[in-house]
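Because only heavy atoms are used, hydrogens play no part in the values below, and waters and symmetry mates are left out as well, while side chains stay in.
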Amino acid sequence: MTEPQHQIRALYTASTITVYQAYRPEIGLPAARDGRFPAVWQRDRMTWIKPSFLWMMYRSGWGSKDGQEALLAVEITREGFEWALEHACLAHYEHGLHPDRATWKRQLKRSPARVQWDPERDLHLRALPHRSLQLGLTGEAAQRYADEWTVSITDITPLAHTIHDHVRDGDLAAARRLLPAEHPYPVPGPTACREVRCGSDVSSGWGRPAPRILKE
């Protein structure tokens with residue numbers, strides 16, 4: 001079955017969704033240890049969260065890139081994630097979605113969240129035809145992400161390295177068994193769905209409880 005071009009796929013439960021980030025060890029390790037972001041985490045800057053594990057591996061080079069050595073799985077409330085989607089603006093102007101470029105620029109400036117779609121990745125980190133969501137949080141959204149929405153923070157650096165070792169050894173089956181169980185996420189309502197460019201196939205589950213999907 002062909003994947004929809006724009007679809008949020010994530011590890012989630014009835015109340016939470018897991019997103020991924022990469023940080024310097026001096027930020028990432030205390031965050032995982034304490035279950036909250038440390039004081040040095042700058043709440044006045046934009047931070048990008050990714051529901052796709054493999055896109056995070058691509059972005060961080062499996063945790064090998066400078067400043068991205070500590071890989072985190074951040075479990076946040078679905079209420080917070082959906083608030084961000086409902087208050088988001090696309091990171092680029094799109095004819096037919098926005099009335100004109102000036103309107104889009106005004107909307108982008110006042111929005112506390114922005115949406116960007118980049119090619120999803122396979123285990124070799126090669127681009128796939130469908131897209132993966134990156135959600136940028138700034139201002140109120142970034143503050144609420146750190147101080148209200150975060151439920152737990154887990155250091156997944158060892159897991160990422162183990163999966164990468166399997167890939168390098170050619171054992172893709174073993175690598176796949178360790179991947180988080182990501183499924184299509186039910187996007188909240190037609191307004192948010194239109195703005196983030198998701199199709200009706202993922203918004204149709206809105207209003208129904210999500211299945212319990214456990215971490216591997």
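Legend: residues meeting side-chain hydrogen bond (donor to acceptor under 3.5 Å, both in side chains) with Gln68, ordered by chain and number and at least two apart, are absent. Under the ring pair (Phe, Tyr, Trp, His ring centres under 6.0 Å) criterion, Tyr20 pairs with Phe53, not counting sequence neighbours. Applying the salt bridge (Lys or Arg N to Asp or Glu O under 4.0 Å) test to Arg144 and every residue at least two apart in sequence or in another chain returns Glu140, Glu148. Arg126 is linked by a salt bridge (Lys or Arg N to Asp or Glu O under 4.0 Å) to Asp122, counting only residues two or more places apart in sequence or in another chain. In this view, Trp62 and His164 satisfy the ring pair (Phe, Tyr, Trp, His ring centres under 6.0 Å) rule, not counting sequence neighbours.
In this structure, Glu79 places its CD atom where only 12 or fewer heavy-atom neighbours from other residues, nucleotides or ligands lie under 6.0 Å away. Tyr23 OH: more than 12 foreign heavy atoms inside a 6.0 Å radius. Within a 6.0 Å sphere centred on NZ of Lys105, heavy atoms belonging to other residues, nucleotides or ligands number 12 at most.
For the pair Met46 and Leu137, the minimum side-chain heavy-atom distance is 4.5 Å or more. At least one side-chain heavy atom of Leu172 sits under 4.5 Å from a side-chain heavy atom of Val167. Side-chain contact check for Thr47 versus Trp41: some heavy-atom pair is nearer than 4.5 Å. Between Met57 and Leu123, the closest side-chain pair of non-hydrogen atoms is not below 4.5 Å. Using a 4.5 Å cut-off on side-chain heavy atoms (C-beta onward), Ile153 and Phe37 make contact. Between Tyr185 and Arg78, the closest side-chain pair of non-hydrogen atoms falls below 4.5 Å. Inter-residue side-chain proximity for Ile8 and Trp117 is flagged as met; some heavy-atom pair is nearer than 4.5 Å. In this structure, Glu120 and Ser52 have side chains that are in contact, with non-hydrogen atoms separated by less than 4.5 Å.
Between Pro30 and Pro25, the closest heavy-atom pair is CD-O, 3.4 Å. The heavy-atom pair separating Ala141 from Trp149 by the smallest distance is O-CZ3, 3.7 Å. Nearest heavy-atom pair across Tyr58 and Lys65 is O-NZ, 3.7 Å. Counting all heavy atoms, side chain and backbone alike, Leu135 lies closest to Ala113 at CD1-CB, 4.3 Å. For Ala32 against Leu72, the heavy-atom pair with the smallest separation is CB-CD2, 4.2 Å. The two residues Ala127 and Pro119 come nearest to each other via the heavy atoms CB-CB, 3.9 Å.
Arg9 CZ to Leu54 CG: the interatomic distance, rounded to the nearest 0.5 Å, is 10.5 Å. The line from CG of Leu133 to NE2 of His6 is 10.0 Å long, rounded to the nearest 0.5 Å. In this structure, CZ on Arg168 lies 8.5 Å from NE2 on His161, to the nearest 0.5 angstrom. The distance from atom CG of Leu29 to atom CG of Asp34, rounded to the nearest 0.5 Å, is 10.5 Å.
Side-chain contact annotation: Thr18 with Glu75, donor-acceptor N/O pair under 3.5 Å absent. At a cut-off of 3.5 Å, with distance as the only test, no side-chain donor of Thr157 or Glu69 sits close to an acceptor on the other residue. A donor atom on one side chain and an acceptor atom on the other are not found under 3.5 Å apart for Gln143 and Tyr145. A donor and an acceptor atom, one from each side chain of Arg114 and Gln116, are nowhere located under 3.5 Å apart. Side chains of Thr103 and Asp100: a donor on one and an acceptor on the other come within 3.5 Å.
In this pair, Trp83 and His87 present their aromatic rings parallel. The plane angle is below 30°, not in the 30 to 60° band.
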Any chance you could lay out the side-chain contact (heavy atoms from CB on, under 4.5 Å) test for Ile49 and Val74, step after step, and finish with the verdict? CA-CA 9 Å; Ile49 58 176; Val74 185; over 6 Å; no
Check step by step if side-chain contact (heavy atoms from CB on, under 4.5 Å) holds for Ser132 and Asp118. CA-CA 5 Å; Ser132 176; Asp118 293 298; 5.7 Å; no
Begin from the C-alpha positions of Thr16 and Ile76 and carry the test side-chain contact (heavy atoms from CB on, under 4.5 Å) through to its verdict. CA-CA 5 Å; Thr16 65; Ile76 65 174; over 6 Å; no
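Of the possible donor and acceptor atoms, none in the side chain of Tyr12 sits under 3.5 Å from a partner among the backbone N and O of Pro186. For the pair Trp55 (side chain) and Gln134 (backbone), a donor-acceptor distance under 3.5 Å is absent. The main-chain N or O of Ser15 is found under 3.5 Å from a side-chain atom of Thr13 such that the two form a donor-acceptor pair.
Linking ILVMFWY residues whenever their side-chain heavy atoms come closer than 4.5 Å, directly or via other members, leaves Trp48 and Leu90 in distinct clusters. Hydrophobic clustering (side-chain heavy atoms under 4.5 Å, transitive across Ile, Leu, Val, Met, Phe, Trp, Tyr) groups Ile163 together with Leu125.
Pairs passing the salt bridge (charged side-chain N to carboxylate O under 4.0 Å, His left out) check and including a residue from residues 38-59, sequence neighbours excluded, read Arg43-Asp147.
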